[in-house]
Amino acid sequence: MEDLARGVRRGAELTQELLAYFGSMAEIELAPEDDIFALGLVNSLRALEIVVHVENTYGISVDVDDLELDNFRSAARAAAFVVRKQGGDSHS
């Protein structure tokens with residue numbers, strides 16, 4: 001149970017970090033679930049920048065199979081992706 005709580009806290013922290021990063025890219029304030037693709041805030045170059053940022057900042061490798069929009073659609077989804085890649089099991 002403690003591991004679950006730790007994972008939830010880590011996911012929340014990552015969401016806030018990624019929310020700040022996404023917001024700085026878009027130069028607007030975003031909510032954790034705001035879909036940056038649907039809002040038209042991200043083109044293919046920006047999407048690549050997000051992937052590189054996530055890899056470099058969180059020490060993970062984004063594999064070809066991971067390059068699905070759903071993994072990076074919002075700060076909350078990107079945070080859950082990072083937690084999964086780092087060995088956690090958060091799906092939120």
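Numbers here are sequence positions counted from 1. Being a predicted model, the structure only gives us computed values, none of them experimental.
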Set of side-chain contact (heavy atoms from CB on, under 4.5 Å) partners for Asp63, sequence neighbours left out: Ser61, Asp66, Lys85
Flag the pair His53 / Leu18 as yes when at least one side-chain heavy-atom distance between them is below 4.5 Å, and no otherwise. yes
Worked check of side-chain contact (heavy atoms from CB on, under 4.5 Å) between Ile50 and Ile36: CA-CA 11 Å; Ile50 291 169; Ile36 59 176; 3.6 Å; yes
Results of side-chain contact (heavy atoms from CB on, under 4.5 Å) for Glu49 - residues two or more places apart only: Tyr21, Met25, Leu45, Arg46
For the student: nearest non-hydrogen atoms of Gly11 and Ala79, plus distance: O-CB, 3.7 Å
Hey, are the side chains of Phe81 and Asp70 touching, using non-hydrogen atoms and a 4.5 Å cut-off? no
Rounded to the nearest 0.5 Å, how far does CZ of Arg73 lie from CD of Glu68? 10.0 Å
If two hydrophobic side chains count as joined below 4.5 Å and joins carry through other members, does Leu48 share a cluster with Val42? no
Of the non-hydrogen atoms in Ala75 and Thr15, which two are nearest, and what is the gap between them? CB-O, 3.8 Å
Just jot down the side-chain contact (heavy atoms from CB on, under 4.5 Å) partners of Asp65, sequence neighbours excluded, or say none. none
Within the structure provided, determine whether Leu39 and Leu30 are in side-chain contact (heavy-atom separation under 4.5 Å). yes
Do Asp34 and Leu41 touch side chain to side chain, with heavy atoms closer than 4.5 Å? no
Closest contact, heavy atoms only, Gln86 versus Leu14: OE1-CD1, 4.5 Å
Please report the closest heavy-atom contact between Phe22 and Ser74, naming both atoms and the distance. CE2-C, 3.4 Å
Between Val62 and Phe72, does a side-chain contact (heavy atoms from CB on, under 4.5 Å) hold up when you go through it step by step? CA-CA 11 Å; Val62 177; Phe72 302 97; 4.1 Å; yes
